[in-house]
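Some notes on the structure that comes next.
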Amino acid sequence: MIPFPIRCRLRRATLLLFACALAFPVAVSGQTLLSSGDLLKMTSPPPDHRVAYGDGPLQFGNLRLPKGDGPFPVILFVHGGCWLSAFPIGHVGPLEQARADAGYAVWSIEYRRVGGDDRGGWPATFLDIENGADALRALARTYPLDLDRVIAAGHSAGGYFALWLAVRDRIPRES
């Protein structure tokens, strides 16, 4: 049995939800509006580290670290994509990098989804999210992560998972 509470002291008060953030045009520092198509055309360098949290091909996360020695506050990020396997983690690289450039370590997790991923959907998708989040404790033994300053954030379907991570210790397990 996997325990519900996230072991890195996820603070509900600092939970961020970016539900549908990339789905609508947004203003950037008074500049012209960016559409979701504009965002999808953006590029970013590869993550600093790609780390497996399980044995499956989609059980990994991208870790991006800011410049400096740390320890760094952490954004645990869950990408969206309509819950579907057609939208893998790659489309959030620019967002991951922007947050790392702003001084945050970013742990962005990939997971199995419906529509082609082996066993994607309930319960495998939730187990992937849970295991990916809980992998932060092991990552902090190798990388300068401040587990007292962790927030969960997500885009679209990932926003729902970020909220679920914040309350999973309050959801009763079925017998």
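Nothing here was measured: the structure is a model prediction, and the numbers come from that model.
- Remark: Arg50 engages Asn62 in a side chain to side chain donor-acceptor pair (under 3.5 Å) (not counting sequence neighbours).
- The shortest distance between side-chain heavy atoms of Pro45 and Gln97 falls below 4.5 Å.
- The shortest side-chain heavy-atom distance between Ile109 and Asp128 does not fall under the 4.5 Å cut-off.
- In this structure the side chain of Leu84 reaches within 4.5 angstrom of the side chain of Val114, judged on heavy atoms.
- Ring centers of Phe126 and Tyr111: at least 6.0 Å apart, outside the cut-off.
- Contact annotation: the side chain of Leu139 never approaches that of His49 to less than 4.5 Å [non-hydrogen atoms, C-beta and beyond].
- In this structure, Trp107 CH2 and Leu76 CG are separated by 8.5 Å, a value rounded to the nearest 0.5 Å.
- For the pair Leu65/Leu145, a side-chain contact is recorded, criterion being any heavy-atom separation below 4.5 Å from C-beta on.
- Taking NE2 from His91 and CE from Met42, the interatomic distance works out to 13.5 Å, rounded to the nearest 0.5 Å.
- The two atoms that bring Ser85 and Gly116 nearest to each other are OG-N, 3.6 Å, heavy atoms only.
- Checking side-chain atoms of Gln59 against main-chain N and O of Asp55 turns up a donor-acceptor pair under 3.5 Å.
- Using a 4.5 Å heavy-atom threshold, the side chains of Trp83 and Arg113 count as separate.
- Taking all atoms of both residues into account, the shortest heavy-atom contact from Ser156 to Cys82 is OG-N, 4.4 Å.
- Residues Arg64 and Arg99 fail the side-chain proximity criterion, which asks for heavy atoms closer than 4.5 Å.
- Scanning all heavy atoms of the two residues, the minimum distance from Gly70 to Pro144 falls at CA-CB, 4.2 Å.
- Between the side chain of Thr125 and the backbone N or O of Arg112, at least one donor-acceptor pair lies under 3.5 Å.
- The distance from the CD1 atom of Ile75 to the OH atom of Tyr104 is 6.0 Å, given to the nearest 0.5 Å.
- Heavy-atom minimum distance, Pro66 versus Phe72: CG-CD2, 3.2 Å.
- Under the 3.5 Å distance criterion, the side-chain polar atoms of Tyr53 are matched with a main-chain donor or acceptor of Glu110.
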